[in-house]
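Since the structure comes first, as structure tokens, the remarks are kept for the end.
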Amino acid sequence: MGSGYQGVLLDFNGTMFWDSEKHIQAWGLFGQELMGRPATAQEVQATMGMPNGVILEHFLGRSLSETQIRELSERKEAIYRQLCLKDPAGLHLAEGLIDLLEFLKNKNVVRTIATSAVASNVDAYFQWFGLDRWFSREKVICDDGSFPGKPHPEVYLRAASVLGLSAEDCLVVEDSSMGIQAAQAARAGGIVVIAPGRDPTPLQKLDGVMAVLEDFWTFPRQLLIP
């Protein structure tokens, strides 16, 4: 018997697609235009999981209008997408993920993506990875500027709602501390953390964390079997 989780809410960047280095590179390059110097890896890592508007205002130290955020964000993401396309060997979903998504599909476990990515990136991901095999684009919750980003719980509350569920009925799959905090604040039923190459010990101690994994091959599927 499973644990009663009726749906799965997956973060995308760093979870389904191991692209953190590309975002670090893109912010580094864009930082030169934005701040007159490259953003350091440490600065970018401290903001992982946050929406672009928050990151931009953090780097600049001032508030921006919605129009400014949208324009600057799209410029940064265009750099990021170019970096992804220049590395075709790295342009693939996380290890073991396709097998898990097929399992969820075959078991009729409802699922969606809850991400801080902007819509233009989500559209690119659907094209690059054929995500429509497992997900409805209309049900993906992404950064459209209409709600606070992680660690605020709204992204996971909305993602559960589009599946017709409460967050308590769902298992969240995350990689970042901001995302884990968002899932905790949403009172998600459980959290699985994808953390390749990281020490699992501190993550395993966090409230709600059911498992900390190197990849998706060892995903605890029994949590989702009715």
Side-chain angles (χ1 to χ4, degrees), residues 2-3 5-24 48-49 80-81 83-85 87-119 121-143 150 155-156 159-160 162-163 165 167 170-180 182-183 188-198 200 203-204 208-226:
S3 298
Y5 300 126
Q6 299 175 47
V8 182
L9 312 178
L10 296 108
D11 173 57
F12 194 83
N13 303 101
T15 300
M16 295 176 64
F17 179 35
W18 294 348
D19 61 343
S20 297
E21 286 302 316
K22 297 295 189 299
H23 279 289
I24 290 171
M48 285 293 188
Y80 157 78
R81 291 192 295 271
L83 290 171
C84 289
L85 291 173
D87 178 25
L91 202 62
H92 59 80
L93 294 174
E95 296 294 329
L97 178 58
I98 289 177
D99 196 62
L100 175 67
L101 293 177
E102 285 296 315
F103 170 82
L104 299 178
K105 181 179 178 180
N106 292 335
K107 293 292 183 180
N108 295 314
V109 177
V110 293
R111 59 217 170 267
T112 195
I113 296 168
T115 176
S116 297
V118 298
N121 281 0
V122 173
D123 292 339
Y125 302 144
F126 267 76
Q127 178 184 355
W128 294 347
F129 305 121
L131 295 180
D132 55 356
R133 290 174 284 174
W134 310 289
F135 299 97
S136 166
R137 174 65 181 88
E138 291 72 27
K139 292 184 178 181
V140 171
I141 306 300
C142 62
D143 179 16
K150 301 172 185 178
V155 64
Y156 283 120
V162 299
L163 298 180
L165 300 172
C170 297
L171 188 66
V172 167
V173 188
E174 261 289 352
D175 76 299
S176 73
S177 61
M178 293 295 174
I180 293 169
I191 305 167
V192 171
V193 182
I194 305 298
R198 290 155 61 189
L203 295 168
Q204 290 167 341
V209 172
M210 312 295 291
V212 180
L213 310 176
E214 281 285 321
D215 53 42
F216 284 91
W217 289 118
T218 55
F219 193 94
R221 300 182 183 192
Q222 68 275 13
L223 296 176
L224 299 162
I225 297 174

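These numbers come from the heavy atoms of this one structure, side chains and all, not from hydrogens, waters or symmetry mates. What you see is a predicted model; the values in this text were computed from it and never measured.
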Go through it in stages, so that I can follow the logic: the residues are Arg221 and Asp99, the test is side-chain contact (heavy atoms from CB on, under 4.5 Å), and I'd like the CA-CA distance, side-chain angles, deciding distance and then a yes or no. CA-CA 11 Å; Arg221 300 182 183 192; Asp99 196 62; 2.5 Å; yes

The reported gap from CG in Leu93 to CZ in Phe12 (rounded to nearest 0.5 angstrom) is 6.0 Å

Carefully, step by step, assess Trp18 and Asp215 under the rule side-chain contact (heavy atoms from CB on, under 4.5 Å). CA-CA 10 Å; Trp18 294 348; Asp215 53 42; 3.9 Å; yes

Heavy-atom nearest pair, Cys170 first then Ala160, reads SG-CB, 4.0 Å

Shortest non-hydrogen pair, Tyr156 vs Ala114, comes out as CE2-CB, 3.5 Å

Residue pairs passing the salt bridge (charged side-chain N to carboxylate O under 4.0 Å, His left out) test with at least one member in residues 9-23, sequence neighbours excluded, are Asp11-Lys150, Lys22-Asp87

Taken to the nearest 0.5 Å, the spacing of Leu100 CG from Thr218 OG1 works out to 10.5 Å

Rounded to the nearest 0.5 Å, the CG atom of Leu163 sits from the CD1 atom of Ile141 at a distance of 8.5 Å

>> Counting C-beta onward and ignoring hydrogens, is there a side-chain heavy-atom pair between Asn121 and Cys142 closer than 4.5 Å?
In response: no

Rounding to 0.5 Å, atoms CG (Leu9) and OG1 (Thr112) come to a distance of 7.5 Å

Those residues at least two apart in sequence (or on a different chain) that pass ring pair (Phe, Tyr, Trp, His ring centres under 6.0 Å) with Tyr80 are His23

Could you label the plane-to-plane angle of the Tyr125 and Phe17 rings as parallel, tilted or perpendicular, counting under 30° as parallel and over 60° as perpendicular? perpendicular

Check whether any side-chain heavy atom of Phe129 sits under 4.5 Å from a side-chain heavy atom of Ile98, and report yes or no.
no

Considering only heavy atoms from C-beta outward, does the side chain of Arg111 approach that of Lys139 to under 4.5 Å? no

For Phe126 and Phe135 the tightest heavy-atom approach is CE2-O, 3.7 Å

Quiz prompt | Side chains of Val110 and Gln6 in contact at under 4.5 Å (non-hydrogen atoms) | solution = no

On a heavy-atom basis, the closest approach of Cys84 and Trp128 is CB-CH2, 3.7 Å

* Side chains of Ile113 and Leu131: closer than 4.5 Å at any heavy-atom pair? -> yes

Note: Ile194 and Pro196 closest approach over all heavy atoms is C-CD, 3.6 Å

Those residues at least two apart in sequence (or on a different chain) that pass side-chain contact (heavy atoms from CB on, under 4.5 Å) with Asp123 are Arg137

For the side chain of Thr15 and the backbone of Asp175, is there at least one donor-acceptor N/O pair under 3.5 Å apart?
yes

Exercise. May I ask you to test the Thr115-Val122 pair for a side-chain heavy-atom distance under 4.5 Å?
Key: yes

The ring pair (Phe, Tyr, Trp, His ring centres under 6.0 Å) partners of Phe216 (sequence neighbours excluded) come to none

query: Taking side chain as C-beta onward, heavy atoms only, is Leu104 less than 4.5 Å from Phe219?
result: no

Leu171 and Met210 have their tightest heavy-atom pair at CD1-CG, 4.3 Å

Less than 4.5 Å apart, side chain to side chain, heavy atoms only: is that true for Asn13 and Ser116? no

The side-chain contact (heavy atoms from CB on, under 4.5 Å) partners of Ala195 (sequence neighbours excluded) come to Val193, Arg198, Leu203, Val212

Residues at least two apart in sequence or cross-chain that pass side-chain hydrogen bond (donor to acceptor under 3.5 Å, both in side chains) with Arg133, listed by chain then number, are none

